[in-house]
Number of protein chains: 2
Amino acid sequence: MKWAELEENWCPVARTLTVVGDRWTLLILRDCFLGYSKFEEFAENTGATRHILASRLKRLVSTGILERTLYNERPKRYQYVLTEKGKEFAPALLAFRDWGKKHMPVRRSVSATKE
Amino acid sequence: MKWAELEENWCPVARTLTVVGDRWTLLILRDCFLGYSKFEEFAENTGATRHILASRLKRLVSTGILERTLYNERPKRYQYVLTEKGKEFAPALLAFRDWGKKHMPVRRSVSATKE
DNA sequence: TTGCTAAAGTTCCAAAATGGAACGTGAAAG
DNA sequence: CTTTCACGTTCCATTTTGGAACTTTAGCAA
């Protein structure tokens with residue numbers, strides 16, 4: 001089954017997944033809620049390759065979840081900000097966060113200092 | 001970046017995505033909440049191939065979200081049911097549902113009768 | 001005016017994941 | 001015997017992804 005077909009699914013969960021049903025998109029949105037808005041910031045914070053990042057941002061913009069706006073004229077620099085539609089995704093992200101906090105503890109036992 | 005690395009991410013959203021961050025896993029969970037529990041039911045309702053379905057179910061069981069139990073002795077038949085950990089994913093699924101209902105309307109204009 | 005840096009992408013290719021269909025298994029039913 | 005059912009597994013071609021290098025536009029420094 002292809003992505004496109006899922007868009008017409010009777011189930012709203014399935015349709016939602018056509019936009020955020022992959023490994024990186026939700027991490028980009030998380031960054032947006034944390035106040036980040038630039039390509040380089042997303043690249044660094046999410047760990048997604050620039051390649052994938054570019055395609056995900058395109059999709060988020062084309063679906064009206066993010067808006068791409070100019071923040072510097074010369075040279076042209078763009079930033080991505082949440083639209084109202086995007087902001088309304090907050091409850092889902094919070095639910096993921098809460099569930100993860102409770103049920104997905106970080107394995108790595110003690111220390112955060114390298115080893 | 002690999003899946004495994006995301007498991008140790010500081011962010012609970014990222015860690016949650018290591019389990020449900022793909023196209024099909026959430027649809028399987030949706031089915032579980034709708035009362036389905038069998039391999040064939042998931043295959044039919046989600047549209048995932050049996051191949052992928054088997055691997056996703058394995059992951060959901062290994063992460064303690066679903067439990068695989070025998071419901072028929074001979075021949076051996078198994079079913080998958082939500083654990084407490086799995087049931088607590090409900091808020092996330094509901095958030096996806098609500099967002100999808102509001103922001104991802106089904107495109108196909110009228111008729112449901114084929115064309 | 002040559003060189004370095006920065007932001008935002010794009011391009012290329014090998015590696016990994018996925019889709020689809022066929023096959024395997026154990027047991028009941030016709 | 002032959003089908004059917006439920007639950008997977010296997011195989012291979014197609015897609016998607018990861019990673020690194022490259023591109024473009026322009027400011028700033030030497």
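Sequence lines set the chain letters: A, B, ... in the order given, protein chains first and strands last, and positions in each chain run from 1.
- Distance, B:Ile28 CD1 to D:dG8 C1': 14 Å, rounded to whole Å.
- Both B:Lys58 and A:Gly47 lie near DNA chain D, and the one whose nearest nucleotide falls closer to the 5' end is B:Lys58.
- In terms of phosphate contacts, A:Lys76 brings no side-chain nitrogen or oxygen within less than 4.0 Å of OP1 or OP2 of C:dA6.
- Across the protein-nucleic acid pair, B:Leu66 atom CG and D:dC7 atom P stand 14 Å apart, rounded to whole Å.
- Looking only at side-chain heavy atoms (C-beta outward), B:Arg15 and B:Pro12 come within less than 4.5 Å of each other.
- Note: OH (A:Tyr71) to C1' (D:dT25) measures 13 Å, nearest angstrom.
- Atom CG in B:Leu53 sits about 16 Å away from atom P in D:dT10, given to the nearest Å.
- Rounding to whole angstrom units, CG of residue A:Leu70 and P of D:dA26 are separated by 12 Å.
- For B:Ala54, the listed nucleotide lying nearest its side chain is D:dG8; candidates were C:dG9, D:dG8, C:dA8.
- With C:dA22, C:dG9, C:dG26 as the choices, the nucleotide that has an atom nearest any side-chain atom of B:Arg50 turns out to be C:dA22.
- Ranking D:dA26, D:dG8, C:dG9 by closeness to the B:Phe39 side chain, first place goes to D:dG8.
- Not a single donor-acceptor pair, N or O on each side, falls under 3.5 Å between the base of C:dA8 and the side chain of A:Arg77.
- A salt bridge links B:Arg56 with B:Asp22: the distance from a Lys NZ or Arg NE/NH1/NH2 to an Asp or Glu carboxylate oxygen falls below 4.0 Å.
- Rounded to whole Å, the distance from OH on B:Tyr78 to P on D:dT9 is 12 Å.
- The CG atom of A:Leu27 sits 12 Å away from the P atom of D:dG18 (whole-angstrom rounding).
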Per-nucleotide protein contact string for nucleotides 12-17 of chain D (B base, S sugar-phosphate only, - none; heavy atom under 4.0 Å): -----S

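- In this structure, the CG atom of A:Leu6 is 14 Å from the P atom of C:dT18, given to the nearest Å.
- A:Asp31 has no carboxylate O lying under 4.0 Å from a charged side-chain N of A:Lys38, or vice versa, which leaves the two without a salt bridge.
- Regarding contacts with the backbone of D:dG8, a side-chain N or O of B:Tyr80 is found under 4.0 angstrom from either OP1 or OP2.
- No cation-pi contact links A:Arg77 to A:Tyr71, judged by a cut-off of 6.0 Å to the six-membered ring centre and 45° from its axis.
- Here A:Lys38 lies in heavy-atom contact (under 4.0 Å) with sugar-phosphate atoms only.
- Under the 4.5 Å side-chain heavy-atom criterion for grouping Ile, Leu, Val, Met, Phe, Trp and Tyr, B:Phe33 is connected to B:Leu66 within one hydrophobic cluster.
- No engagement by B:Phe42 is indicated, since no non-hydrogen atom pair under 4.0 Å with the nucleic acid exists.
- Other residues, nucleotides and ligands contribute only 12 or fewer heavy atoms inside 6.0 Å of the CD atom of B:Glu44.
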Under 3.5 Å donor-acceptor pairs involving side-chain atoms of residues 87-97 of chain B, not counting sequence neighbours:
residue: B:Glu88; atom: OE1; partner: A:Lys102; partner atom: NZ; Å: 2.9
residue: B:Glu88; atom: OE1; partner: A:His103; partner atom: NE2; Å: 3.0
residue: B:Glu88; atom: OE2; partner: A:Lys102; partner atom: NZ; Å: 3.4

